[in-house]
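Worksheet: the structure to be examined is printed underneath.
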Amino acid sequence: MNRILLFLYLFAVIQGVAFGFHEVIPNCYLYFSPKYRQQVEFTADSELRVLSYNTLNLRRQIGQYVDKNGKRVFKKVNEAKPEWQTKWIANIIKRENADIVFLQEVEGRQVAYDFNRIYLNNEYQIFYTGGNDPRGINIAILVHKRLPFDYEIHSHRKLKMKDPTPGKDGEEVGFFSRDFPVVLVKNKKEDPLFLLGGVHLKSQRQRGADPNSYHLRDAQVKNTLKIVGDYIDEYNNIPMLIAGDFNADLRAAPEFNVLRKGRILKDSFESVKPPVEKNQRITHSFHPRGGTTNYNQLDGIFHRNMEVKEAKVLRYKDPETGQERPLPRTWKQREKNPSDHFPIMSVVKLKRNQQ
């Protein structure tokens, strides 16, 4: 290999490869092994069990926002997440026997790798690209090794736009607060089968003249749909799953009007028959000091060219009695759960045979 080719190879490994509207991450940069002792056959009738879960930091607590002199500042902390919470999260994934898992608030590639090895018997492929979050909490997509697929992972972390926040005209920011990682799932002949896209939009914390970061989150929704449209064009209307934490109420927030129309992506909760009732879609509780508890649907699994067989929010069960716990009414009650979010799941199958 001459020096020029060697340089290009090393550059691709470190930076990823620019390809169209996304960045292709080389396989040698990822933790996964294609070998598994009991791979299953995947046919046109096969179903996929899909889970999405904001874990509230998977293994380490890295800090929180606090009030200081009338301002919100980030107070760094570096301590392990309680072991019982991490085990609980893993037990939910194992209990649901998930084929595909979208995780949010994963504080590093090594954390995702260790979580898989220690708690999930190393049964999942790990797809983690990093992202733009200054705290280092990002998205990981896990795919069970029993599935007989090949993969290509894309990142959109480097895409830039003009800041949509009032008063910040002209400043450049990333499309996404973390990333919009996409896994292209292929059969052994390298034919594309479907796409997996992980979402974690901007939180509702104030950002300059934008009290709940609506303008940035609205732009991120539009950016996501634009990229989805590019994939639709490039891969011939390929089936896809787009899942994660959207950080505002998917049932009512105005930035999601375009999603609720269902023209590009459809909500799994709406697609199942009968649709999941709105009051059964709560995935997060917020307990402001001295204020009223808020219940919202922050999390969603959206699809295109998929048939949804099942969709639901997974409520926490009491470890001692096995009974489903009621929604937390206070911050202290919420702290008894492994996360401030509830996981959600869907069972889907491809609508068209691309194998």
Side-chain angles (χ1 to χ4, degrees), residues 49-66 75 77 79-98 101-107 111-112 114-116 118-120 135 137-140 142 198-201 203-205 243-251 269 276-301 311-346:
R49 296 185 64 84
V50 183
L51 190 144
S52 181
Y53 199 173
N54 183 316
T55 63
L56 188 60
N57 300 321
L58 186 57
R59 294 206 67 194
R60 300 203 66 80
Q61 296 175 343
I62 57 178
Q64 61 184 341
Y65 283 92
V66 298
K75 181 181 178 182
V77 175
E79 59 185 35
K81 185 182 181 79
E83 181 78 1
W84 64 268
Q85 292 184 327
T86 302
K87 285 184 176 180
W88 197 338
I89 291 168
N91 287 339
I92 290 171
I93 295 172
K94 291 187 287 188
R95 183 194 72 207
E96 295 300 319
N97 195 24
V101 184
F102 297 86
L103 294 180
Q104 302 88 51
E105 296 204 17
V106 178
E107 57 278 20
V111 165
D114 290 342
F115 176 71
N116 180 45
I118 296 170
Y119 298 99
L120 300 177
R135 297 167 296 169
I137 58 170
N138 290 298
I139 299 166
L142 283 57
V199 172
H200 191 180
L201 301 185
S203 72
Q204 296 189 51
R205 293 188 181 93
D245 178 4
F246 291 76
N247 255 324
D249 199 327
L250 284 162
R251 302 169 300 179
F269 287 154
V276 178
E277 295 181 8
K278 295 293 176 67
N279 62 359
Q280 296 299 314
R281 300 184 190 186
I282 293 168
T283 67
H284 181 267
S285 64
F286 178 61
H287 309 274
R289 184 176 300 173
T292 303
T293 293
N294 296 317
Y295 298 110
N296 297 288
Q297 183 203 339
L298 303 187
D299 307 84
I301 299 175
K312 62 182 177 181
V313 178
L314 303 175
R315 302 285 180 225
Y316 295 121
K317 295 182 179 179
D318 189 285
E320 296 182 0
T321 66
Q323 298 297 311
E324 185 176 292
R325 286 180 169 176
L327 291 173
R329 296 187 296 274
T330 65
W331 182 84
K332 286 186 177 181
Q333 288 181 356
R334 194 183 74 177
E335 287 294 287
K336 295 180 180 180
N337 293 333
S339 173
D340 55 344
H341 289 247
F342 294 101
I344 59 176
M345 66 84 64
S346 291

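Side-chain atoms are counted along with the backbone in the values below, which use heavy atoms only and exclude waters and symmetry mates.
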Should the ring pair Phe286 and His284 be called parallel, tilted or perpendicular, given that the plane angle runs from 0 to 90° and is split at 30 and 60?
-> parallel
Within the 4.5 Å heavy-atom criterion, are Trp88 and Gln85 side-chain neighbours or not? no
Heavy-atom nearest pair, Val50 first then Ile301, reads O-CD1, 4.0 Å
Closest non-hydrogen contact found for Ala90 with Leu120 is O-CD2, 3.9 Å
Exercise. Using modelled atom types only, decide if a donor and an acceptor are shared between the side chain of Lys312 and the backbone of Val276 within a distance under 3.5 Å.
Key: no
**Asked** Arg49 side chain to Glu96 main-chain N or O, any donor-acceptor pair under 3.5 Å?
**Response** yes
Original post:
For the side chain of Thr55 and the backbone of Gln104, is there at least one donor-acceptor N/O pair under 3.5 Å apart?
Top reply: yes
Side chain to side chain donor-acceptor pair (under 3.5 Å) pairs touching residues 288-301, sequence neighbours excluded, are Thr283-Asp299, His287-Thr293, Asp299-His341
Just by distance, do the side chain of Glu107 and the backbone of Leu58 share a donor-acceptor pair under 3.5 Å? yes
Please confirm whether the backbone N or O of Asn57 pairs with a side-chain atom of Lys81, one donor and one acceptor, at under 3.5 Å? yes
query = Less than 4.5 Å apart, any side-chain heavy atom of Ser285 and any of Phe342?
reply = no
For Ala140 and Ala112, the nearest pair of non-hydrogen atoms, with its separation, is CB-CB, 4.3 Å
Problem - Pairwise side-chain contact, Val199 with Phe246, heavy-atom cut-off 4.5 Å (strictly under) - result: yes
Any side-chain heavy-atom pair of Ile118 and Thr86 under 4.5 Å: no
Residues Ile282 and Arg251: closest non-hydrogen pair is CG1-NH1, 3.9 Å
Does Val106 reach the side chain of Phe115, with side-chain heavy atoms less than 4.5 Å apart? no
Notebook entry, point to check: Do Arg315 and Leu327 touch side chain to side chain, with heavy atoms closer than 4.5 Å?
Noted result: yes
Looking only at heavy atoms, the pair that brings Ser339 and Asn54 closest together is OG-O, 2.7 Å
Item to complete: Please tell me if the side chains of Pro343 and Phe102 come closer than 4.5 Å, counting only heavy atoms from C-beta onward.
Response: no
Practice prompt. State whether the side chain of Asn91 and the backbone N or O of Lys87 hold a donor-acceptor pair below 3.5 Å, judged by distance alone.
Written response: yes
